[in-house]
Amino acid sequence: MIDHDVIAQATPMPILVAPQAVLRQKTRLVRPEDMGALRTTIPRMFAAMYAAPGIGLAAPQVGLGMRFAIVDVSDKGEARNPLVLINPEVIAETEDMAVREEGCLSLPNQYAEVIRPEAVRVRYQDMEGKKHELEANDLLATCLQHEIDHLEGILFVDHLSTLKRNMIMRRLAKEQRLKH
């Protein structure tokens, strides 16, 4: 379980913005010897995600080439429900598809409708190494697929037509140039 006080006191990690190369690299599995570093990294990732604000953040987005992600799709005003997914994988998905507008903390202010399976089953480990399976639909299903894509070096814009993807990436590059 993630301690909310630890998150509140953590220094947020910087979130990388596309086209950073690490965002396009496939991650390696988290090994038992990585867990010590993850115990300090994960609260800092939650701090960054909540500050952004976002509902998911994958290791490559903070420059780490390991297979883990964090999510929290709780609504504003609800109790936070932080979830850490170590070595997650989609093990089942519905044939029914759903369209949902997606954005990404690594592509700030860029949004597009993405078509994905409506529901998924994800297998992952928690911080203690215990295996879990999670059935998800709606926003959580979309979020899990989005974050697991990051672990494969895939961005949400890769699910769009080449024309739409190029438009978003050009707009992002322009906004980043204007910002600096």
Side-chain angles (χ1 to χ4, degrees), residues 7-8 10-28 38 40-78 80-85 88-90 93 97-118 120 122 136-180:
I7 293 170
T11 304
M13 295 182 81
I15 297 171
L16 301 178
V17 175
Q20 291 282 339
V22 69
L23 296 172
R24 291 303 194 171
Q25 292 163 2
K26 196 173 157 105
T27 57
R28 69 161 174 84
L38 262 54
T40 53
T41 300
I42 286 173
R44 294 185 64 209
M45 284 177 67
F46 273 112
M49 181 185 82
Y50 289 140
I55 60 170
L57 192 61
Q61 293 178 272
V62 294
L64 301 173
M66 288 188 272
R67 193 172 181 85
F68 72 95
I70 61 171
V71 299
D72 186 346
V73 297
S74 58
D75 284 329
K76 282 184 173 70
E78 278 185 358
R80 288 197 167 150
N81 186 20
L83 182 62
V84 177
L85 303 123
E89 58 182 327
V90 175
E93 59 188 38
M97 303 300 267
V99 178
R100 186 178 290 275
E101 185 178 72
E102 290 187 34
C104 179
L105 297 178
S106 291
L107 288 89
N109 306 314
Q110 309 305 314
Y111 302 92
E113 290 194 336
V114 178
I115 301 168
R116 295 186 185 270
E118 191 172 60
V120 292
V122 174
N137 56 20
D138 300 326
L139 180 59
L140 182 57
T142 299
C143 185
L144 290 170
Q145 292 173 82
H146 177 112
E147 298 312 325
I148 291 170
D149 271 358
H150 272 299
L151 304 177
E152 299 294 330
I154 298 167
L155 300 175
F156 83 90
V157 291
D158 297 334
H159 293 279
L160 307 175
S161 69
T162 304
L163 178 67
K164 278 187 186 168
R165 179 175 53 248
N166 289 343
M167 282 174 44
I168 287 173
M169 296 309 285
R170 276 197 301 274
R171 191 168 56 228
L172 175 65
K174 182 179 177 185
E175 285 179 17
Q176 292 299 307
R177 276 195 308 275
L178 294 173
K179 209 170 127 182
H180 295 293

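Computed from a predicted model, the values in this text were never measured in an experiment. Values reported hereafter were calculated over all heavy atoms of this structure, with side chains retained and with hydrogens, waters and symmetry mates removed.
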Derivation of the side chain to side chain contact (heavy atoms under 4.5 Å, CB included) call for L144 and V90: CA-CA 9 Å; L144 290 170; V90 175; over 6 Å; no

Min side-chain heavy-atom separation R67-R28 under 4.5 Å: no

Atom of L151, atom of A58 and distance for their closest heavy-atom approach: CD2-CB, 4.0 Å

Closest heavy-atom pair and its distance - P117, V120: CB-CG1, 4.5 Å

Heavy-atom donor-acceptor pair, E152 side chain to D149 backbone, under 3.5 Å: no

Interatomic spacing from CD1 in I55 to CG in N81 - rounded to 0.5 Å: 12.5 Å

Set of salt bridge (charged side-chain N to carboxylate O under 4.0 Å, His left out) partners for R44, sequence neighbours left out: none

Separation between CG of L160 and CG of L155, rounded to the nearest 0.5 Å: 10.5 Å

Atom of A141, atom of A136 and distance for their closest heavy-atom approach: CB-O, 3.5 Å

N/O donor to acceptor pairs below 3.5 angstrom from side-chain atoms of residues 45-54, sequence neighbours left out:
{"from": "Y50", "atom 1": "OH", "to": "D72", "atom 2": "OD2", "distance (Å)": "2.5"}

More than 12 heavy atoms from other groups under 6.0 Å of CD1 on I115: no

Qualifying residues under salt bridge (charged side-chain N to carboxylate O under 4.0 Å, His left out), relative to E118, sequence neighbours excluded: none

Verdict with reasoning, R116 to H146, per side chain to side chain contact (heavy atoms under 4.5 Å, CB included): CA-CA 9 Å; R116 295 186 185 270; H146 177 112; 3.9 Å; yes

Inter-residue atom distance C143.SG - D138.CG, 0.5 Å rounding: 12.5 Å

Separation between SG of C104 and CG of L23, rounded to the nearest 0.5 Å: 7.5 Å

L38 side, atom CG; L64 side, atom CG - distance, nearest 0.5 Å: 8.0 Å

Partners meeting side-chain contact (heavy atoms from CB on, under 4.5 Å) with T162 (sequence neighbours left out): R165, N166

V62 to P14 - nearest heavy-atom pair and separation: CG1-O, 3.7 Å

Over all atoms of both residues, closest heavy-atom pair of F68 and I42: CE1-CG1, 3.8 Å

All side-chain contact (heavy atoms from CB on, under 4.5 Å) counterparts of L172, not counting sequence neighbours: V17, A18, L107, P108, Q110, M169, Q176

Summary of side chain to side chain donor-acceptor pair (under 3.5 Å) pairs that have at least one residue in residues 15-25, sequence neighbours excluded: R24-D158

Inter-residue atom distance I70.CD1 - I7.CD1, 0.5 Å rounding: 7.5 Å

Nearest heavy atoms of A69 and E147, plus distance in Å: CB-CB, 3.9 Å

From CA spacing to verdict: side chain to side chain contact (heavy atoms under 4.5 Å, CB included), K174, R170: CA-CA 6 Å; K174 182 179 177 185; R170 276 197 301 274; over 6 Å; no

